[in-house]
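Quick one: structure below, then a few questions.
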There are 4 protein chains.
Amino acid sequence: MMKEKKRNNLRMITRNEPYVVKVFIEDTDVGGLVYHANYLKYLERARSTLLYHKGITHAQLRENKKLMFVLKSCNIVYEKPAYLEDELFIYTEPGILSGACLKMKQSIVRGQDLLVKADMVLVCVTLEGKPVRVPAFIASALNIG
Amino acid sequence: MMKEKKRNNLRMITRNEPYVVKVFIEDTDVGGLVYHANYLKYLERARSTLLYHKGITHAQLRENKKLMFVLKSCNIVYEKPAYLEDELFIYTEPGILSGACLKMKQSIVRGQDLLVKADMVLVCVTLEGKPVRVPAFIASALNIG
Amino acid sequence: MMKEKKRNNLRMITRNEPYVVKVFIEDTDVGGLVYHANYLKYLERARSTLLYHKGITHAQLRENKKLMFVLKSCNIVYEKPAYLEDELFIYTEPGILSGACLKMKQSIVRGQDLLVKADMVLVCVTLEGKPVRVPAFIASALNIG
Amino acid sequence: MMKEKKRNNLRMITRNEPYVVKVFIEDTDVGGLVYHANYLKYLERARSTLLYHKGITHAQLRENKKLMFVLKSCNIVYEKPAYLEDELFIYTEPGILSGACLKMKQSIVRGQDLLVKADMVLVCVTLEGKPVRVPAFIASALNIG
């Protein structure tokens, strides 16, 4: 228990490199802010890039393992808005793994400001949509499980 | 108290007309499903259309009242996927109002299947982003508050 | 020859029903206008809807015929901008058919104003991307060829 | 005349650094390819980044000069499709400048393959949409005019 908590804290300290996003015109809306749904695209780019850095690609997962990840749930809080041409840093922390589910904590930061935080639950499914256990090599690559 | 609860129940029964969405190619991804971020666009179309039906437009809110709504948080659960050319029904129930915040419960349904449910919190802000009390005419139009 | 020309003229007169689009926040950008790439989405919705009205769906084309349409080229001119909450009418005229290629003329209109005109060339391809002759039942449904 | 042509040729040789794009899930569609409208987003990111590298930002243009660029026309040819996780190189060559109009030639390349080529015409307008001459400092920064 104690150990688990300590490991979790450590994981937060040794967090992965952030993924950097520049805000382009396509991301903004008439309010002059980044349109709320587009943050989910940023978060997905960051999750995918984390996998790429670990040597895992969606294309290989699909072709070789006949697997893909789908989003099960997203709990997102918008603290402050982002604007055109902002440079955003996206942090992604893979968390607890249970069966087919993989939890990730993500945040979007600009300078010292936390703009967005999100709890994502992903499910590993076959190409037909059947949930299956997250393969060990993915858990291992993400250093979880 | 009793009355309040009854009114709430009634409100759930006399729910607003659903907003209907057809799934186009733009909404899908390589997995053959609707891309997860695009459901947030559907939900926003449904919320905006609910306002239009009540005689409120974003353009008027912006120009006459110098107000807009921004999303504060979104808690969304993806139960089942939607596919190309599906016809989706989106239900939107405005809920509790407190100060600048407006809660809405939304769901996306295909036939008898619940695909997505979402709890949205919107904030009424000035064009500079300062939160302000939701105007009475909006609360009244939405039959809440 | 003469007949062909006459038939073409007639076809322009008896144009198909327009597809109606409402502009939502997702479609706009920081300039307060509809973001230029989003008009291509509107045009695609109109082309797909034209097929649906003729009894043809992309899903059936994919599953039963192992065919899909991809865009070969797009020549689009933006005459006037569209704004949030505008109601747009999209006209689609299937034109000359030659082998795997299908040309369509499209326009986006608001009230009396022509906002956008576009010449699209689509190619009928197998799911692996090989161009194939447009099936006769599609040419027939679209009343061309 | 001779000089002009020579300068143009030189300009093609000393082309700007390409802008690199990774294809994410958001960019793909049910056909497994990048959705056609999304290439226009890539092209816009490349044009904006070219401006940034020259020290010009849209935000400053809007706030200080009350100017923005809008797309007047786009002539785009799709030669080959792009797929999930492709790395794409986008080349942008600012071309002839005449009054309020700025022409740019763009191409999207993957390895040795030309995927997309596009001729874009942009117009410099006030925030109210009135065309105005492209400011000298922009022509100078882009090395045209």
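Residue numbers begin at 1 in each chain, while the letters A, B, ... track the order of the sequences.
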Proximal to chain A - members of residues 70-90 of chain D, heavy-atom separation under 4.5 Å: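 If one takes a 4.5 Å heavy-atom cut-off, the residues of residues 70-90 of chain D near chain A are D/L84, D/E85.
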
Is there side-chain contact between A/H58 and A/S48, with at least one heavy-atom pair below 4.5 Å? yes

Backbone N or O of D/E63 within a donor-acceptor pair of the D/K66 side chain at under 3.5 Å?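 Confirmed, D/K66 side chain pairs with D/E63 backbone.
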
Side-chain heavy-atom pair A/Q106, A/M120 within 4.5 angstrom cut-off: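 In short, these two side chains touch, coming nearer than 4.5 Å.
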
Could you tell me whether the side chain of A/K117 and the main chain of A/L114 form a donor-acceptor pair under 3.5 Å? no

Criterion side-chain contact (heavy atoms from CB on, under 4.5 Å) on A/R47 and A/M104, from CA distance to verdict: CA-CA 9 Å; A/R47 293 195 305 273; A/M104 291 204 186; 3.6 Å; yes

Could you list all the side chain to side chain donor-acceptor pair (under 3.5 Å) pairs where at least one residue sits in residues 23-35 of chain D, not counting sequence neighbours?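 Counting only pairs at least two positions apart or across chains, the side chain to side chain donor-acceptor pair (under 3.5 Å) contacts touching residues 23-35 of chain D are A/R45-D/E26, C/E44-D/Y35, D/D27-D/Y42.
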
Atom CG of D/N143 and atom CD of D/E93: how far apart are they, to the nearest 0.5 Å?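 Between atom CG of D/N143 and atom CD of D/E93 there are 10.5 Å.
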
Enumerate by number any residue of residues 122-134 of chain A whose heavy atoms lie under 4.5 Å from heavy atoms of chain D; in the absence of such residues, state 'none'. none

Quick one: CG on D/L67 to CG on D/L61, what's the gap to the nearest 0.5 Å? 6.0 Å

Under a 4.5 Å cut-off applied to non-hydrogen side-chain atoms, are A/D113 and A/L115 in contact?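 Yes, their side chains come closer than 4.5 Å.
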
Measure the OG1-CG distance between D/T92 and D/L43 for me, rounded to the nearest 0.5 Å.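 Result: 7.0 Å between the selected atoms.
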
Strictly less than 4.5 Å between heavy atoms, which residues of residues 49-57 of chain D line up against chain A? Please order them by number. D/T49, D/Y52, D/T57

